S.K.: 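Take this structure first; my questions come after.
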Amino acid sequence: MADSKREIERKYEATTATRLPDLSRVAGVFAVAHLGVAELDAVYYDTEDLRLAADSLTLRRRTGGGDAGWHLKFPVASGIRDELREPLSDTLPRSFAGLLRSRVRDRALVPVVRLLSARDVHHLLDADGALLAEISVDRVRAERLTGGGATAAWTEIEAELADDGDPAFLDAVEHRLGKAGIRPSASPSKLARALAETAPERSTSPADRPRPRTAGDHVLAYVRHQAEAIVALDPAVRRDLPDSVHQMRVATRRLRSVLRTYRKILDRGVTDPVGDELKWLAAELGIDRDQEVLDARLRARLDGLPRTLVLGPVRGRLRIWSVARRNGSRRRTVAVLDGKRYLALLESLDTLLAAPPLLPAASRAPGRALPRAVLKEYRRLAARVGHALELPPGHDRDVALHEARKAAKRARYAAEAARPALGRPAKRFANRMKAVQSLLGDHQDSVVAREALRTLAVQAHAAGEPSFTWGVLHGREAAAAEARERELPEVWERASRAKLRAALGG
């Protein structure tokens, strides 16, 4: 696995005549150490259509300085990036190829820009000699390696916070630089500036997309957002970042749901096969995620028991059971992301967005077409909730409530997609649907937990261990499910008010 660090930095405009002010006067700085000038030579790679740059990713091979090697940077927030590093080599590191696969796919990575920098480095140190920040004055020469070989040159100042430093320190540095007339750079990175200043022609960026006007525009905007989320979350899943699998699965489900809901907008003959593949991907991502949720629930329930009710090696059995079920699940997830079927799905999403299968209703005003689809999902949900409440407690009601939960998700996602067009009424409706979904989701989690607890009780009994604690937990889960069922009528009454639907146009 590549080395990783969180990079927090700010860039400032400068000229060859710019001089740094006395930074020892910044609060907290005890000394400024001048390390001299380093010569850096970096070649940046991207696809010919600049897919990485479009998502603010940078991939470079750099020599010179103290961190020669391959660097891959993912944006986190303004001025914050996760930088991954691999040792210097002639070819792209295998780990980087995997992290870039969702964006690059079968396209070749080629050199696009070369940056030669003379970096004059200064370290700001505290009273103990610890590094607070690195300040550098960079004289940069950029050469476009594609599209005519144009060049550009500039000088900039870069302030990078030391590892685990307080970002507020950079505010103090910026204040001092500002007093000297030094202003923040308009460009977020050297690569972005190099591409802009050496571009053979103006390219289209996401910011140039026309604003949604028709019903079709709004649906496609939501589809595009979810498709981009899947691609963006792919590297996070591979890096095993917290909640990444869950978020990728949610984006997959949202996308599939909106394709099904807005069938009057997008031709099902085209979208249904894509939806089938999204269903497959969500199921694959769910293998590890569902077990993770179940583990957390069972541990929390166990932690909530008085010690007098915990008999036998309960925690050990739960841990062994969990490890056995999750063994290899992460490897399987990465294998899915490396597979041809997943990459074909990403290509099909690109194709759908490039040539959307719009139906006549797509050209209508969003205030007419979108509410109809949202309210249709509501009616589906209402029918399922009504059916579930008519059933006596037991297996059939549990199944019916689970079906109602899925309908609540579709109604919620339908309203979320319509929110940019319909505004506050769609937001309120989505929130009410989310409340129904959450309650039914907790009920379903209890159903799954009880099945798991019964299995654990059987295993404990077969091993000669007390099964008493598993029975206690099973009873508490049953009580929790009953409580959710008692709450449902009231939650549903709030979600099903006619006034809420009327605000949408129903």
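As a basis for the values below, the full set of heavy atoms in this structure was taken, side chains included, without hydrogen atoms, waters or symmetry mates. This one's a predicted model, so the numbers in the text were calculated from it and none came from an experiment.
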S.K.: Search all heavy atoms of Pro371 against all heavy atoms of Pro366 and return the closest pair with its distance.
M.R.: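 For Pro371 and Pro366, the tightest heavy-atom pair comes out as CD-O, 3.3 Å.
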S.K.: Work out which heavy atom in Leu233 is nearest to a heavy atom in Ser244; give both atom names and the distance.
M.R.: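 Result for this residue pair: CD2-O, 4.5 Å.
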S.K.: Please say whether more than 12 non-hydrogen atoms of neighbouring residues, nucleotides or ligands are located less than 6.0 Å from NZ in Lys11.
M.R.: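 Counting neighbours around NZ of Lys11, more than 12 heavy atoms of other residues, nucleotides or ligands fall under 6.0 Å, so yes.
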S.K.: Atom CG in Leu504, atom CZ in Arg428: separation rounded to 0.5 Å?
M.R.: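 So the gap between those two atoms works out to 9.5 Å.
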S.K.: Which side-chain N or O atoms in residues 169-181 pair as donor and acceptor under 3.5 Å with protein atoms at least two apart or in another chain?
M.R.:
| unit_1 | atom_1 | unit_2 | atom_2 | d |
| --- | --- | --- | --- | --- |
| Asp171 | OD1 | Arg10 | NH1 | 2.9 |
| Asp171 | OD1 | Arg10 | NH2 | 2.7 |
| Glu174 | OE1 | Arg10 | NH1 | 3.2 |
| Glu174 | OE1 | Tyr12 | OH | 2.7 |
| Arg176 | NE | Asp22 | O | 3.3 |

S.K.: Only distances under 3.5 Å count here; give the side-chain donor-acceptor pairs of residues 144-154 to other protein atoms, sequence neighbours excluded, each with its distance to 0.1 Å.
M.R.:
| unit_1 | atom_1 | unit_2 | atom_2 | d |
| --- | --- | --- | --- | --- |
| Arg144 | NH1 | Leu195 | O | 3.1 |
| Arg144 | NH1 | Thr198 | OG1 | 3.2 |
| Trp154 | NE1 | Glu156 | OE1 | 3.1 |

S.K.: Starting from the C-alpha separation in whole Å, work towards a yes-or-no answer on side-chain hydrogen bond (donor to acceptor under 3.5 Å, both in side chains) for Arg60 and Tyr44.
M.R.: CA-CA 4 Å; Arg60 73 186 178 202; Tyr44 289 77; 3.2 Å; yes
S.K.: Salt bridge (Lys or Arg N to Asp or Glu O under 4.0 Å) for Arg6 and Asp82? Distances and angles first, verdict last.
M.R.: CA-CA 5 Å; Arg6 178 63 53 89; Asp82 280 345; 2.3 Å; yes
S.K.: Test Asp276 against Arg256 for salt bridge (Lys or Arg N to Asp or Glu O under 4.0 Å), laying out the working first.
M.R.: CA-CA 8 Å; Asp276 291 341; Arg256 176 173 178 254; 5.6 Å; no
S.K.: Can you list the steps and then say if Thr18 with Thr15 is a side-chain hydrogen bond (donor to acceptor under 3.5 Å, both in side chains)?
M.R.: CA-CA 5 Å; Thr18 300; Thr15 68; 3.2 Å; yes
S.K.: Flag the pair Glu83 and Arg85 as a salt bridge only when some basic side-chain nitrogen lies within less than 4.0 angstrom of an acidic carboxylate oxygen.
M.R.: yes
S.K.: Under the side-chain hydrogen bond (donor to acceptor under 3.5 Å, both in side chains) criterion, do Asp295 and Ser322 qualify, and how do the steps go?
M.R.: CA-CA 7 Å; Asp295 290 349; Ser322 175; 2.4 Å; yes
S.K.: What closest approach, in Å, do Pro273 and Gly269 show between heavy atoms, and which atom pair accounts for it?
M.R.: CD-O, 3.6 Å
S.K.: To the nearest 0.5 Å, how far apart are CG in Leu191 and CG in Asp46?
M.R.: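 Taking CG in Leu191 and CG in Asp46, the distance rounds to 7.5 Å.
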S.K.: Please determine whether the number of non-hydrogen atoms from other residues, nucleotides or ligands lying under 6.0 Å from atom CD of Glu39 exceeds 12.
M.R.: yes
S.K.: Drop me the distance from Asp67's CG to Asp3's CG, to the nearest 0.5 angstrom.
M.R.: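 Between atom CG of Asp67 and atom CG of Asp3 there are 11.5 Å.
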S.K.: Is Arg62 close to Trp70 at the side-chain level, that is, under 4.5 Å between some pair of heavy atoms?
M.R.: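 Answer no - side chains too far apart.
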